[in-house]
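Order of appearance sets the numbers: ligands from 1, and atoms from 1 within every ligand. Here the structure is a predicted model, which is why all the values come from computation and not from measurement. Computation of the quantities below employed the complete heavy-atom set of this structure, encompassing side-chain atoms and omitting hydrogens, waters and symmetry-equivalent molecules. Numbers here simply count residues along the sequence, with the first being 1.
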Amino acid sequence: MTIIPKIPSHIQQKTDLLGLTLPQLQQWLAERGEPAFRAKQIYNWLYQHLITDFSAMTNLPQGLRTRLAEEASIGPMIVRSELHSKDDRTRKILLELADGKLIESVLMLYPPLGESSARATVCVSTQAGCAFGCTFCATGQMGFDRHLSAGEIVAQVLYFARELRAAPWIAAGLPGSKPIDHITNIVLMGMGEPLHNYDNVLQALRILNSPEGFNLGARHMTVSTVGLVSAIRRLSTELLQVNLAISLHAPTDELRGKTMPINRKYPLKELLAACQDYIATTGRQVTFEYVLLSGVNDAPEHAHQLGELLAPLKQFAHVNCIPVNATSADYRPPTPDAIRTFRDILFEHGVSNSVRAERGDDIAAACGQLRTRFEKKVLSKNR
Ligand code: SAH
Ligand code: SF4
């Protein structure tokens, strides 16, 4: 039987520093009689030096380092498994949280292309499991465990940031291209629904955006949502220039309701109105994700309906066509010809679109698949 060691319970009572904004850390230190400038020093160690151990914070007095080790932690989690795709452009980790819950995070590496430089994008989980039950999604089929804390969200990004710092990535077959040693983008497209965990997600994005800390521009962050209308409206009022992606996946209420139960609560008319208002308030483009499911939502008729639905948003809408990653559910991606036809029809309607290159199939890339596989393996061993 496989025994999974648990994180000792005393660690769980510590304050996770990765969940604190700089002012919050200042406050936490002030309560312990420490001056505010110590917070900046600690932030610098956490987010610039990417350290994982208080003893490495050499400009802090020894007494403070000892106290931090007793009362605080730096994103405690255990990496249960790390898989690299054959081309090493996709890396996936399975993380065990302090309470034993399992989540996944993915690093996607993109070589430089034309004018654009190389990218290192982390796909982050925001919940353990998900409450929304989309039929094509491995996470949706697990059900909901719990929200992640802001620190647990930040820790996923830092894990890959440390990995790239220690071993910068150079695109194979591109001699002379500059190694990439830092995270350039974050997408909240891992397990869970970010806007269902609104406060912790926004807190995490603010921490990662902080110029004194990780300093990643909000325009390099993307929030993907199943379409929680009231939360989209709230997001439009935040002074944070993050990108918004809407999981649309069907052009009619009838079809969307079959694969995405949330459509019964927020039908397309309400969702599109919220997107229109979001565009009007922020002046920003919205991406619509469309997972292509062969024989379900990929017919020319669907492309025409989608074109008509989005044409009123004009240049503010972009469709990202995503051939479905096969999960245990019985969905298949369309043929390349069917994808081409679908996209051409969208262009005819004046709707800009692209297709997401499939990646990491050999490492169970659709979020939730690795955890599902891992649990099956552990369970069968334990039987
Ligand atoms: N809950 C959020 C974000 C996480 S899912 C949302 O639904 O938007 C991130 C994206 O992956 C979503 O667009 C989701 O629909 C898509 N997705 C889920 N299962 C998939 C699969 N099997 N193949 C391809 N994309 C999938
Ligand atoms: Fe949840 Fe997003 Fe998966 Fe739907 S697609 S079940 S909202 S994680």
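Set against the non-hydrogen atoms of Cys137, the atoms of ligand 1 under 4.0 Å away are 18 (C), 19 (N). Near Val324, meaning under 4.0 Å from one of its heavy atoms, ligand 1 places the atoms 21 (C), 22 (N), 23 (N). Within ligand 2, the atoms closer than 4.0 Å to a non-hydrogen atom of Gly140 are 6 (S), numbered from 1 in the order shown. Ligand-side atoms of ligand 1 in range of Thr225: 6 (C), 8 (O), range being under 4.0 angstrom from any heavy atom. Below 4.0 Å from some heavy atom of Phe132 lie the following atoms of ligand 2, by number and element: 7 (S). Atoms of ligand 1 found under 4.0 Å from any heavy atom of Glu289 (numbered from 1 in listed order, with element): 10 (C), 12 (C), 13 (O). The atoms of ligand 2 that sit less than 4.0 Å from any heavy atom of Val226 are 7 (S). Near Gly192, meaning under 4.0 Å from one of its heavy atoms, ligand 1 places the atoms 1 (N), 2 (C), 3 (C), 4 (C). Each of the atoms 6 (S) of ligand 2 lies under 4.0 Å from some heavy atom of Gly133. When each atom of ligand 2 is checked for a heavy atom of Gly192 under 4.0 Å away, the hits are 8 (S).
The six-membered or imidazole ring of Phe288 lies away from that of His249, with a centre-to-centre distance of 6.0 Å or more. Between Phe342 and Tyr290, the ring center distance clears the sub-6.0 Å criterion.
Summarising the geometry of Ala273 relative to Arg233, their closest heavy-atom pair is C-NH2, 3.8 Å, with the distance given to 0.1 Å.
Judged by distance alone, with hydrogens and angles left aside, the side-chain atoms of Arg234 form no donor-acceptor pair with the main-chain N or O of Ser230 at under 3.5 Å. Judged purely by atom type and a 3.5 angstrom limit, Thr225 uses its side chain to pair as donor or acceptor with the backbone of Gly227. With hydrogens and angles disregarded, a donor-acceptor distance shorter than 3.5 Å links the side chain of Asp298 to the backbone of Gly295.
Considering only non-hydrogen atoms, atom 12 (C) of ligand 1 lies nearest to Ser247 out of Gly227, Pro323, Cys134, Ser247. Checking Gly190, Ala131, Ser224 against atom 4 (C) of ligand 1, the nearest heavy atom belongs to Gly190.
In this structure, Arg119 satisfies the cation-pi test against Tyr110, with its NZ or CZ atom closer than 6.0 Å to the six-membered ring centre and inside 45 degrees of the ring normal.
Using a 4.0 Å cut-off between charged side-chain N and carboxylate O, Arg65 and Glu70 make no salt bridge.
Defined by atom type and a distance below 3.5 Å, a donor-acceptor pair is missing between the side-chain atoms of Ser352 and Gln315. Judged by distance alone, the side chains of Asn59 and Trp45 do bring a donor and an acceptor atom under 3.5 Å apart.
Ligand 1 lies less than 4.0 angstrom from a heavy atom belonging to Leu188. Under a 4.0 Å heavy-atom criterion, Ser247 is not in contact with ligand 2. Under a 4.0 Å heavy-atom criterion, Cys130 is not in contact with ligand 1. At least one heavy atom of His249 sits under 4.0 Å from some atom of ligand 1.
Below 30°, between 30° and 60°, or above 60°: for Phe144 and His196 the angle between ring planes is between 30° and 60°, a tilted geometry.
The protein atom (non-hydrogen) at minimum distance from atom 3 (Fe) of ligand 2 is Cys137 SG, 2.4 Å. Regarding atom 4 (Fe) of ligand 2, its nearest protein heavy-atom neighbour is Cys134 SG, 2.3 Å.
Counting backbone and side-chain atoms alike, Cys130 contributes an N/O/S atom closer than 2.8 Å to atom 1 (Fe) of ligand 2.
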Q: In sequence, state the C-alpha distance, the side-chain angles, and the governing distance for Arg80 and Glu104, and then conclude on salt bridge (charged side-chain N to carboxylate O under 4.0 Å, His left out).
A: CA-CA 10 Å; Arg80 280 264 148 247; Glu104 297 174 14; over 6 Å; no
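The proximity of Glu193 to ligand 1, defined as any non-hydrogen pair under 4.0 Å, involves the side chain as well as the backbone.
For ligand 1, the polar-atom distance check finds an N/O of Phe136 within less than 3.5 Å of one of the ligand's N/O atoms.
Other residues, nucleotides and ligands contribute over 12 non-hydrogen atoms within 6.0 Å of the CD atom of Glu31.
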